[in-house]
Amino acid sequence: MNKKNDNLPINKPINQIDKYITLNEKEIIFEKFVSNGDFLLIGHFENLSIFPGLLLTEAVIQGVECILEKQRIEFRLKNVNVRFLEIIPAGNIVTIHVQLLDQLIKSYAVIEGRKVMTYQSEVDYGTISNDRLRVT
């Protein structure tokens, strides 16, 4: 089932989730369209507009936020390991899979069946107090 992002809890100036496919308490699968007109791609490389790896990593984090928003849980990531396997040129739709496995987050991104990124990190759960995360 394809849905627009209207019901997602992302309130950021640069929302990386264009359309979600699956969303539950353990997993989100969503799509990001990488457009030639995206101002963040202009000038990233002189002769080739590609999606920056930092924004792909931000997309994963926004996916984690969507999963945990349903549970009203604050979190902190640690031991982040990201591998970029291919460049993502403008004009592609990237499908991003994020799984929450207790205290482990596993993610990967694909374009047309080819894996272009892998991501893994640990997650600490807690509460926010005085602008700092207090792990409980």
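- With sequence neighbours excluded, the residues satisfying side chain to side chain donor-acceptor pair (under 3.5 Å) with Asn79 are Glu122.
- Pairs passing the salt bridge (Lys or Arg N to Asp or Glu O under 4.0 Å) check and including a residue from residues 94-105, sequence neighbours excluded, do not occur.
- In this structure, CZ in Phe51 is found 13.5 Å from CD1 in Ile87, a value given to the nearest 0.5 Å.
- Within the 4.5 Å cutoff, no side-chain heavy atoms of Leu23 are placed close to those of Phe30.
- Closest approach of Val60 and Ser107 over heavy atoms only: CG2-OG, 3.5 Å.
- For residues 47-56, no pair satisfies salt bridge (Lys or Arg N to Asp or Glu O under 4.0 Å), with sequence neighbours left out.
- Taking OG1 from Thr118 and CZ from Arg83, the interatomic distance works out to 5.5 Å, rounded to the nearest 0.5 Å.
- Here side chain to side chain donor-acceptor pair (under 3.5 Å) pairs that include residues 85-101, with residues two or more places apart or in two chains, are Glu86-Arg114, His97-Tyr108.
- Scanning all heavy atoms of the two residues, the minimum distance from Ile17 to Cys66 falls at CD1-SG, 3.8 Å.
- Applying the salt bridge (Lys or Arg N to Asp or Glu O under 4.0 Å) test to pairs two or more places apart or on separate chains, none has a residue in residues 47-57.
- Between the CG atom in Asp18 and the CD atom in Glu31 there is a gap of 8.5 Å [rounded to 0.5 Å].
- Residue pairs that meet the salt bridge (Lys or Arg N to Asp or Glu O under 4.0 Å) test with at least one member in residues 91-101, sequence neighbours left out, do not exist here.
- Grouping Ile, Leu, Val, Met, Phe, Trp and Tyr residues whose side-chain heavy atoms lie under 4.5 Å apart, directly or via other members, leaves Leu54 alone, with no other cluster members.
- Under the 4.5 Å side-chain contact rule for hydrophobic residues, Leu55 and Val110 do not share a cluster.
- Under the side chain to side chain contact (heavy atoms under 4.5 Å, CB included) criterion, Leu77 pairs with Ile61, Phe75, Val80, Ile105, Tyr119, Ser121, Val123, sequence neighbours left out.
- Every residue two or more places apart in sequence or in another chain that forms a side chain to side chain contact (heavy atoms under 4.5 Å, CB included) with Lys26 is listed here: Asn24.
- Closest heavy-atom contact between Asn15 and Lys32: O-NZ, 4.0 Å.
- A search for side chain to side chain donor-acceptor pair (under 3.5 Å) contacts involving Gln103 returns nothing, not counting sequence neighbours.
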Pair Val64-Leu100, side chain to side chain contact (heavy atoms under 4.5 Å, CB included): steps then yes or no:
CA-CA 8 Å; Val64 173; Leu100 178 60; 5.6 Å; no

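- Residues satisfying the side chain to side chain contact (heavy atoms under 4.5 Å, CB included) test with Ala109, not counting sequence neighbours, are Leu56, Val94, Ile96, Val116, Met117.
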